[in-house]
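In what follows, every chain begins at residue 1, and chains take the letters A, B, ... in the order their sequences are listed.
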Amino acid sequence: MDPQIIIARRVARELHSGDLVNLGIGIPTLVANYVPADLKVFFQSENGLIGTGPIPEQGMAHPLLTDAGGRPISALPGAATFDSAMSFGLIRGGHVDVTVLGGLQVDADGHLANWMIPGKMVPGMGGAMDLVSGARRVIVAMQHAAKGKSKIVAKCSLPLTSTRPVDLVVTDLAVIGFAGGKATLMETAPGVSVAEVMAVTEADLTIPGTVPEMKL
Amino acid sequence: MDPQIIIARRVARELHSGDLVNLGIGIPTLVANYVPADLKVFFQSENGLIGTGPIPEQGMAHPLLTDAGGRPISALPGAATFDSAMSFGLIRGGHVDVTVLGGLQVDADGHLANWMIPGKMVPGMGGAMDLVSGARRVIVAMQHAAKGKSKIVAKCSLPLTSTRPVDLVVTDLAVIGFAGGKATLMETAPGVSVAEVMAVTEADLTIPGTVPEMKL
Amino acid sequence: MNPVSVEEAVAMIPSGASIMVGGFMGVGTPERLLDEVVRQQKTGLTLISNDAATPGKGVGKLFDAALVSRLTATHIGLNPKAQQQMLANQITVDLIPQGTFVERIRAGGCGLGGVLTPTGVGTLVADGKRLIEVDGKSFLLETALRAQFALVHAFLADYLGNLTYALTARNFNPVMAMAAETVIVTAEHIVPVGVIAPDHVVTPAPLVDYLIANG
Amino acid sequence: MNPVSVEEAVAMIPSGASIMVGGFMGVGTPERLLDEVVRQQKTGLTLISNDAATPGKGVGKLFDAALVSRLTATHIGLNPKAQQQMLANQITVDLIPQGTFVERIRAGGCGLGGVLTPTGVGTLVADGKRLIEVDGKSFLLETALRAQFALVHAFLADYLGNLTYALTARNFNPVMAMAAETVIVTAEHIVPVGVIAPDHVVTPAPLVDYLIANG
């Protein structure tokens, strides 16, 4: 299975009926494709919409209805639109149940870095800092390694997005939780062993007695 | 002429087309009755309305459309309704051009006291403190004296509504301005002499060379 | 959003709870919820409400039944019963400026620790509060205000819980609907999903925990 | 509100002015006003805008024409020209979190000196800012942000200047319409008074200084 699809499918299992969910760009956006139809999840787009729907059919796109990247989207029946003060009031105020974000690094303490590489990539943090500070549950969806280097590091070398630790990291190889304040290996991807995960993970991982395989 | 009507008519002359105006309860409410029909003034009711209209005709009152005292009002074509955060954003943010408020005392420095008499009347300040802090222009509309005692005092003995000085006080006897930081007699009511105003005013008034009579 | 009966909804509120109640002089107040709070005799309430309304109306009913032990409000001058209870020290009352009241609740609902307001600087309202200078101007630090329950009255609610409000009955309702652990809503009309246009929704459905069902 | 031509409106903006421009990635941006700003070559602008859009679209046009000297925004990663100008020190850029950006503008428009936000505590964003504790929790003091001009795009405007917005084109427009000395508005449609119901007005008429007239 495509690594991105493994991640998206596994993250989708973290969502519950009634949840208000904000998906970042990149892999997180794919999560919406794997939510079961009977699960009533509200998706927020931080540019001012709850109830985002799929990409509109040919000829139905409207220039005044887009996602946070400026791409055309649709709105489901029961959608609500609002200004940016409300949108970030929802985010910072703890009304977003789950945010799924991409990451550059997550460290052993659960700290996330995902908004800049000094001297190289300085795009601005957009809504990421508010999402990590304010959402009830923060899930990072990212590849386990980039160019052979672990993205689960001992200590973030890149500037932090927030000092608030994330709740869960889902990669193509593993699910890592931070409930006890330290990185714990919760699950491994199908066909991946605990030893294989440890071998490609820079951070020290706590390994429980049994580590189940991801259900996808 | 009824003293209240003198005050209301004189205050009405301070309003300009396009002004957003907030009228307090009591004498200030009467001001709306004396605004010329060709003057396009927006009246705000701080419970969430711009475009207040007259008391509705018999049988047309709606329980969800009231003034800040809970009394039925109407809304003019082009009215707008909003929540209390917006209503006080308008007030505190300097978007209200003129507020007209009642007063218990105004002192020589232009300080207003109008919200409590310790040990006697402790109703709460409602929106008065925000209006005096935030409106571009603050006009106090009140009787010059109560029970024979001047309400224009040397120094307020009652708790202040704000440390921001008011711009104008209009009474049944006089118009008093505070442009120079000190109480100045601007006008006298029809048939009232400067000496008569000074005799019933506790505060020291600056008296210009000529003091015209109020136009009503 | 879960549809519940008014009895079930109020049964969730323990005596001694903190409740925010929408409305301005009883306009836009969830009367059915307050009637049931009185029927179920929830005592020792901490009430956060703009005013005390008038006896027999809106939150005035809570003072009629002597259910309030603490009150945060902006004005109680039109309810003699609330005044009496305050002067007799039966209730502890914190009277604050209306703009400060709504910003504190908004801060509570929007995850802000507080706001800096010029309102009240140099007055009795400033007592015990931090004064903070920004660019040479003084402001009071007013901290966030939240409650366990918000009792909200809407005009339209759809089956998901999206809400609109009518005219001056909007007032504090949308702000309070963000600032409590549990949000309970009455609506004048419950309508199918899609009846309320997205641009007209004021309170999005995910903010509503319980909607009082018809009948 | 005064109806004016787009040429007259932009002629009021001096070079070097501070301008807030509504829109999110060019959606909900007053394009006609920006085209005219480019035509009239207003240089050295201080721009306050969520993002830099993309070349040729929204505020991206201002970077194409190199009219911006200072920028306060939340994200400029999708406009390579803005990135280049930043890295070449042609523009001074202040990148701040989006929730902080909108709250600072709202504070500016609502007469608040600032707000306390948890966002950015312990990160680079906290550099040089005051850290304030409330009930044992740390917040950054973020101060109010205002501009000389707000350029706002609405969906409907009535003859008085009441505004509504459509779908995700609302974004920063209503907040900016409160936070500038002079507010200039383009609308997709201008409609008679009464067409917009009072409950649907988002920006009340008295906030609008100039509306770009049809034709």
Side-chain angles (χ1 to χ4, degrees), chain A residues 25 44-52 62-75 79-94 111-113 115-116 118-134 156 158-164, chain D residues 22-28 50-54 57-58 71 73-79 82-83 86-87 93-103 105-106 109-110 117-126 138 153 155 165-177 188 202-203:
Chain A
I25 45 174
Q44 178 199 31
S45 187
E46 68 261 32
N47 53 328
L49 174 65
I50 289 176
T52 65
H62 194 284
L64 302 183
L65 182 57
T66 62
D67 67 15
R71 289 171 299 266
I73 49 167
S74 60
T81 51
F82 35 78
D83 70 20
S84 299
M86 178 65 167
S87 196
F88 281 84
L90 291 167
I91 288 169
R92 209 182 28 236
H111 290 143
L112 168 68
W115 70 282
M116 82 177 280
K120 225 168 146 184
M121 185 196 81
V122 192
M125 66 295 283
M129 285 193 172
D130 295 287
L131 281 160
V132 178
S133 298
C156 285
L158 298 174
L160 297 188
T161 304
S162 174
T163 55
R164 174 250 174 101
Chain D
F24 195 120
M25 286 304 296
V27 177
N50 177 61
D51 50 65
T54 50
K57 190 174 183 195
L71 171 67
T74 81
H75 194 277
I76 64 168
L78 299 171
N79 187 331
Q83 286 265 347
M86 176 175 72
L87 296 173
V93 179
D94 189 17
L95 290 168
I96 62 181
Q98 201 165 133
T100 300
F101 179 80
V102 69
E103 280 300 320
I105 297 169
R106 182 182 180 276
C110 291
T117 179
T119 302
V121 171
T123 74
L124 292 184
V125 166
S138 291
H153 186 63
F155 187 61
Y165 305 89
L167 299 164
T168 56
R170 190 183 308 197
N171 54 68
F172 300 90
N173 283 296
V175 179
M176 290 178 172
E188 310 239 342
V202 176
T203 298

Kindly indicate, with the supporting measurements, whether the criterion ring pair (Phe, Tyr, Trp, His ring centres under 6.0 Å) is fulfilled by D/Phe172 and D/Phe101. CA-CA 10 Å; D/Phe172 300 90; D/Phe101 179 80; 5.4 Å; yes
Do you know which of [options] has the most heavy-atom pairs under 4.5 Å to chain A?
| options | value |
| --- | --- |
| D/Asn79, D/Ile96, D/Thr54, D/Asp51 | D/Ile96 |
| D/Met25, D/Gln98, D/Arg106 | D/Gln98 |
| D/Val93, D/Thr168, D/Leu95 | D/Thr168 |

Taking every non-hydrogen pair under 4.5 Å, which of A/Gly124, A/Ala75, A/Ser84 racks up the most with chain D? A/Ser84
Residue from A/Gly134, A/Ala68, A/Ser45, A/Gly48 scoring the most non-hydrogen pairs under 4.5 Å with chain D is A/Ala68
Tell me which donor-acceptor pairs under 3.5 Å the side chains of residues 118-125 of chain D have, and how far apart each pair is, sequence neighbours excluded?
from: D/Thr119; atom 1: OG1; to: A/Asp130; atom 2: OD1; distance (Å): 2.8
from: D/Thr119; atom 1: OG1; to: D/Thr117; atom 2: OG1; distance (Å): 3.4
from: D/Thr123; atom 1: OG1; to: D/Gly120; atom 2: O; distance (Å): 2.8
from: D/Thr123; atom 1: OG1; to: D/Val125; atom 2: N; distance (Å): 3.1

Which atoms of [X] are under 4.5 Å from chain D, going by heavy atoms: the side chain, the backbone, both sets, or neither?
| X | result |
| --- | --- |
| A/Thr163 | both |
| A/Leu64 | both |
| A/Ser87 | neither |
| A/Thr161 | backbone |
| A/Val132 | neither |
| A/Ala80 | neither |
| A/Met121 | neither |

Under the side chain to side chain donor-acceptor pair (under 3.5 Å) test, residues paired with D/Arg170 that sit two or more places apart: none
Pairwise side-chain contact, A/Gln44 with A/Ile91, heavy-atom cut-off 4.5 Å (strictly under): yes
Is there side-chain contact between A/Asp83 and D/Val175, with heavy atoms separated by less than 4.5 Å? yes
Would you say the side-chain atoms of A/Thr81 and D/Tyr165 include a donor-acceptor pair closer than 3.5 Å? no
Residue [X] versus chain A: region with a heavy atom under 4.5 Å:
| X | answer |
| --- | --- |
| D/Phe155 | side chain |
| D/Phe24 | side chain |
| D/Pro97 | both |

Where is the tightest heavy-atom contact between A/Gly51 and A/Ala79, given as atom of each residue plus distance? O-CB, 4.0 Å
Could you tell me whether a side-chain N or O of [X] sits under 3.5 Å from a main-chain N or O of [Y], the two making a donor and an acceptor?
| X | Y | value |
| --- | --- | --- |
| A/Trp115 | A/Val122 | no |
| D/Asn173 | D/Gly28 | yes |
| D/Asn171 | A/Asn47 | no |

